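Encoded as structure tokens, the structure appears first; notes follow it.
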Protein chains: 2
Amino acid sequence: MSLNKTGLAILGILSRGPQTGYDVKKVFSSIAGHFWQASYGQIYPLLKKLNAQGLVKHKTHKPNLRQAKNIYALTAQGRKSLRHWLRSPVESHPWRIEILLRLFFGRQVPVAENIRQIEIYRRHKQDEILRLEEIERHLREEHAEDPDQPYYLLTVDYGQKVVRACLDWCEQSLARLRELEKQGYDKQKAKPFDCSNCESLAKKHDK
Amino acid sequence: MSLNKTGLAILGILSRGPQTGYDVKKVFSSIAGHFWQASYGQIYPLLKKLNAQGLVKHKTHKPNLRQAKNIYALTAQGRKSLRHWLRSPVESHPWRIEILLRLFFGRQVPVAENIRQIEIYRRHKQDEILRLEEIERHLREEHAEDPDQPYYLLTVDYGQKVVRACLDWCEQSLARLRELEKQGYDKQKAKPFDCSNCESLAKKHDK
DNA sequence: TAGAGCATGTAATAGGTTACATGATTAG
DNA sequence: CTAATCATGTAACCTATTACATGCTCTA
């Protein structure tokens, strides 16, 4: 009965009504993709697994001899599993942020290179903002009658707030790095430095 | 010559000076863990692989007959690979945010349940803030002479800004859900809703 | 002398991406 | 007729977590 988060996501999507694997993918590509993703290579095998576990059932729809599509629907068991998960306490998950990994080793290249990277990152975040605004507009216009709309809007709002915080950070960091550059940071000697006290931080974290 | 992000992270950590796999892990557990993580099960095999590729070399230090530890150091090739990566443009990465996945299906449970989840999530984020402040304090006090300090502080600042944005969102979302609850949202009929126009959003995204 | 920390590693498993492969239908 | 969209699926591969296994050293 082990079930991963993406499996539960699929159950959740099917709770909105019966649909094909292809339809499920569209949800991940449209209104849910900004906080969760899944590929066909995951969706089809998972639907099979959910079916084997009795959490979904499918009807094969044959409009003609050659073609068939599988329409999946939640079972009572599936709805129960979904609701059980929704009531279990949410956990904390670590983040992986590549721009920070790069900046952490920033001294290995000239300051100007790091400035360039943040400018690229800022463009990505600006694109994300546009995408989120597009989703918000869609939700307000096309989902005005959708009973799920209030919850959907919460997810978009999260994205907008976080991405705006990223953009704030970009501006501030660019200013700081330009200042560093002016102060001749690149010309400093690379004296080795070792902090033995980092251990005490690590200790607390691993508990 | 394929090399993943965590492999590059290890190269980066070794650029601060030769050290053991155990030492590398401590960096992920202390000042780098808030934006990148790696377990022993990843670090030791990766060090072996990096060694095979000539990006790191190791000396086996034997303080006595029984014990041995492997001290790894970057090679010229390794330093070159690291710098090459640092100059390549950073890409955009999707996020997976479990609290949003849950809220997306929030209508499946009473509003009070979703409020409870956001309160739990808020506690996680408050803990993260404390952790980040601890790291910042450590960096300001113990790394005052560290030439990498300015870059390290940038990574902490990112975390603080983003987590504070999350906390803002928590407050606002809690207020909205309390309002929804008051308005009798839970008693609404669950009319089925299907948005055919979601497809147009999906189309743009998949391009 | 017991517990915490130092130190290295493997095996099983889980989770996910990408490319490949196939073929029908529909709109311009 | 041709391009886009609908629709399903597999195989190879990569990345990462967890549990397990081992044994030394130092400090209270």
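A quick note: this is a predicted structure, and the numbers were derived from the prediction, not measured. Numbers restart at 1 for each chain; the letters A, B, ... are given by sequence-line order, proteins then strands.
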B:Arg123/B:Glu119 under salt bridge (charged side-chain N to carboxylate O under 4.0 Å, His left out): CA gap, chis, key distance, verdict
CA-CA 6 Å; B:Arg123 274 201 292 283; B:Glu119 285 168 347; 5.9 Å; no
Counting only side-chain nitrogens and oxygens, does A:Thr6 get under 4.0 Å of the OP1 or OP2 atom of C:dG15?
no
Between C:dT17 atom P and B:Asp206 atom CG, what is the distance in whole Å?
13 Å
Send over the distance from A:Ile43 CD1 to C:dG15 C1', rounded to a whole Å.
14 Å
Angle between terminal axes - the helix from C:dT1-D:dA28 to C:dG28-D:dC1, 5 pairs each end, rounded to 10°:
30°
Roughly how many Å is it from CG in B:Leu101 to C1' in C:dG15, rounded to a whole number?
15 Å
What pairs with B:Arg131 under side-chain contact (heavy atoms from CB on, under 4.5 Å), at least two apart in sequence or on another chain?
A:Leu201, A:Lys204, A:His205, B:Glu134, B:Ile135
Distance check needed: D:dT17 P versus B:Phe28 CZ, whole Å only.
10 Å
Rounded interatomic separation in angstrom, taking CG from B:Leu50 and P from D:dT15
12 Å
Give me the residues of residues 87-100 of chain B where at least one heavy atom lies under 4.0 Å from an atom of DNA chain C, by number, or none.
B:Arg96
Could you tell me the separation between the CD atom of A:Gln42 and the P atom of C:dT17, rounded to a whole number of Å?
5 Å
Do A:Asp148 and B:Arg107 sit within salt-bridge range, that is, some charged N less than 4.0 Å from a carboxylate O?
yes
Take nucleotides 2-14 of chain C nucleotide by nucleotide from the 5' end and write B, S or -, depending on whether a protein heavy atom sits under 4.0 Å from the base, only from the sugar-phosphate, or from neither.
---SBBBBB----
Would you indicate whether the side-chain heavy atoms of A:Thr60 and A:Lys69 approach each other to under 4.5 Å?
no
Are B:Phe104 and A:Tyr152 an aromatic pair, judged by ring center distance below 6.0 Å?
yes
Please tabulate, one pair per line, all N/O donor-acceptor pairs under 3.5 Å involving side-chain atoms of residues 192-200 of chain B, not counting sequence neighbours.
unit_1	atom_1	unit_2	atom_2	d
B:Asn197	ND2	A:Glu142	OE2	3.4
B:Ser200	OG	B:Asn197	O	2.7

Please tabulate, one pair per line, all N/O donor-acceptor pairs under 3.5 Å involving side-chain atoms of residues 36-43 of chain A, not counting sequence neighbours.
unit_1	atom_1	unit_2	atom_2	d
A:Trp36	NE1	A:Thr6	OG1	3.1
A:Gln37	NE2	A:Gly33	O	3.0
A:Gln37	NE2	B:Trp95	O	2.7

Find out whether B:Gln108 and B:Arg102 are in side-chain contact, i.e. whether some heavy atom of one side chain is under 4.5 Å from a heavy atom of the other.
no
Ring centroid separation A:Phe35 to A:Phe28 under 6.0 Å:
no
Is A:Ile31 close to A:Thr155 at the side-chain level, that is, under 4.5 Å between some pair of heavy atoms?
no
If only side-chain N and O atoms of A:Ser39 are considered, is one of them under 4.0 Å from the OP1 or OP2 phosphate oxygen of C:dG16?
no
Can a salt bridge be assigned to the pair A:Glu136 and A:Arg140 using a cut-off of 4.0 Å between side-chain N and carboxylate O?
yes
